[in-house]
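As structure tokens, the structure follows; a few thoughts come after it.
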Amino acid sequence: MNLHAHGTFKFPNAGLAATSLGRGWNGVAAELRSHPAGDLPAIVPTQMEITLATRRSPGAFVRRKGAGVRQRSAVEEGTIWLCPVGVGEDEISISAPLDEILHIYLPADRFDGLADLYGDARIRADAIRYLADLRDPLIRQIGLSIRSELLQETSAGRMMVESAALALAARVAHAYAHDRPEPSQTPQEADCPKRISRVIDFIRDNLERDISVGELATVACLSPFHFARMFKRLTGKTPHGFVSAERFALARKLLGDPDMPLVTVAHRSGFSTQAAFGTAFKRAMGCTPGAYRRRLS
């Protein structure tokens, strides 16, 4: 499914400041847009859309109607809108230009995975309520972390975003479904340390190529949601945080070879460009890769 096609159709006149298109994100997409005043086309979404106003737009409000429900929301920083799968929006209007709006798209199978994990068929993408003007600190925090990665690529950013998408789907399903599921027993956890150890070995053997949370979960023989939770519990780090630390350790080792071009170090450390590598390295280490190499010589 091309998750970005939704935004292209729904926001034909909006500015696009950043997009996850081409980033290789699995099971989640995001766009940072500016919107002019005016009406939007009617649409029946085939994926979950979560919209977050990351800046206040003074005097602006959004009117919309979905499934016969009319809503009017002021656009304040932190305002959240939910548009679930299958809820037809036939009236959407924006009263004044909006500076920066984050749109996150989740496919229905994100919710199917949660339903399988907890053995509860009531967890569905089309069971989420059509809501506006939400104030949810957790959704806001997750959204801002995705925005940060959208604007500035990091070495394990894809893993962070995919983990964030799992947490986002879980939050939405738990807090905003028509029929909240009852808690149920998680899979047996007795052999999780052995599974996570196997994953750590796999990460260290594959640092120089792209790694996804889904792939690591497969190595652990766990669902992605359960894997991310258990990995953090047993290692003290999120999967993306662990991979990022390992890649920086690899980068420091590779920089010890004075004949290796910096662009090669960048690619082998999991970055798509030398510029992104340099920015992330300086932020983490306090100096550029070139300066670090000179210290080693």
Original post:
Does Q71 reach the side chain of D133, with side-chain heavy atoms less than 4.5 Å apart?
Top reply: no
**OP:** Answer whether the closest heavy-atom distance between the side chains of F242 and V199 falls below 4.5 Å.
**Re:** no
Original post:
Donor-acceptor pair, R268 side chain versus L254 backbone, under 3.5 Å?
Top reply: no
**OP:** Not counting sequence neighbours, list each pair that qualifies as a salt bridge (Lys or Arg N to Asp or Glu O under 4.0 Å) and has a residue in residues 156-170.
**Re:** R158-E162, R158-D210
Original post:
Is F227 reachable from F202 through a run of hydrophobic residues whose side-chain heavy atoms are each under 4.5 Å from the next?
Top reply: yes
Subject >> Pair S73-R63, side-chain hydrogen bond (donor to acceptor under 3.5 Å, both in side chains): steps then yes or no >> reply: CA-CA 7 Å; S73 308; R63 283 198 179 109; over 6 Å; no
Subject >> Note, I104 side chain near L52 side chain (heavy atom, < 4.5 Å) >> reply: no
**OP:** Indicate yes or no: at least one non-hydrogen side-chain atom of R233 is less than 4.5 angstrom from one of C192.
**Re:** no
**OP:** Using a 4.5 Å cut-off on heavy atoms from C-beta on, say whether the side chain of L262 contacts that of P289.
**Re:** yes
Subject >> Rounded distance [0.5 Å steps], CE in M159 versus CD1 in I211 >> reply: 6.5 Å
Original post:
Does R23 use its side chain to pair, donor to acceptor, with the backbone of L150 at less than 3.5 Å?
Top reply: yes
**OP:** For S34, enumerate each residue passing the side-chain contact (heavy atoms from CB on, under 4.5 Å) test, keeping only those at least two apart in sequence or located in another chain.
**Re:** none
**OP:** Mind telling me whether H35 and F11 have parallel, tilted or perpendicular rings, with 30° and 60° as the class edges?
**Re:** perpendicular
Original post:
What are the two closest non-hydrogen atoms of V243 and L207, and how far apart are they?
Top reply: O-CD2, 4.3 Å
**OP:** Determine yes or no for a side-chain-to-main-chain donor-acceptor pair under 3.5 angstrom, with S197 supplying the side chain and P193 the backbone.
**Re:** no
Subject >> Heavy atoms of other groups near Q141 CD, more than 12 under 6.0 Å >> reply: no
**OP:** Report yes if some heavy atom in the side chain of R140 is under 4.5 Å from a heavy atom in the side chain of E77; otherwise report no.
**Re:** yes
Original post:
With a 4.5 Å limit on heavy-atom distance, are the side chains of E91 and R70 in contact?
Top reply: yes
Original post:
What residues form a salt bridge (Lys or Arg N to Asp or Glu O under 4.0 Å) with R72, not counting sequence neighbours?
Top reply: none
Original post:
What ring pair (Phe, Tyr, Trp, His ring centres under 6.0 Å) pairs are there with at least one residue in residues 42-96, not counting sequence neighbours?
Top reply: none
Subject >> Exam field: side chain R147 to backbone L32, donor-acceptor pair closer than 3.5 Å >> reply: no
**OP:** Report the distance from atom CZ of R195 to atom CD1 of I200, rounding to the nearest 0.5 Å.
**Re:** 14.5 Å
Original post:
For F277, what residues pass the ring pair (Phe, Tyr, Trp, His ring centres under 6.0 Å) criterion, not counting sequence neighbours?
Top reply: F271, F281
Original post:
Do the charged groups of E246 and K237 touch, with an N to O distance under 4.0 Å?
Top reply: no
Subject >> Side chain to side chain, H103 and H6, heavy atoms closer than 4.5 Å >> reply: no
Original post:
Looking at L3, D126, L106, V87, which hits side-chain contact (heavy atoms from CB on, under 4.5 Å) with M48?
Top reply: L106
**OP:** Name all pairs fulfilling the ring pair (Phe, Tyr, Trp, His ring centres under 6.0 Å) condition that reach into residues 120-155, sequence neighbours left out, sorted by first residue then second.
**Re:** none
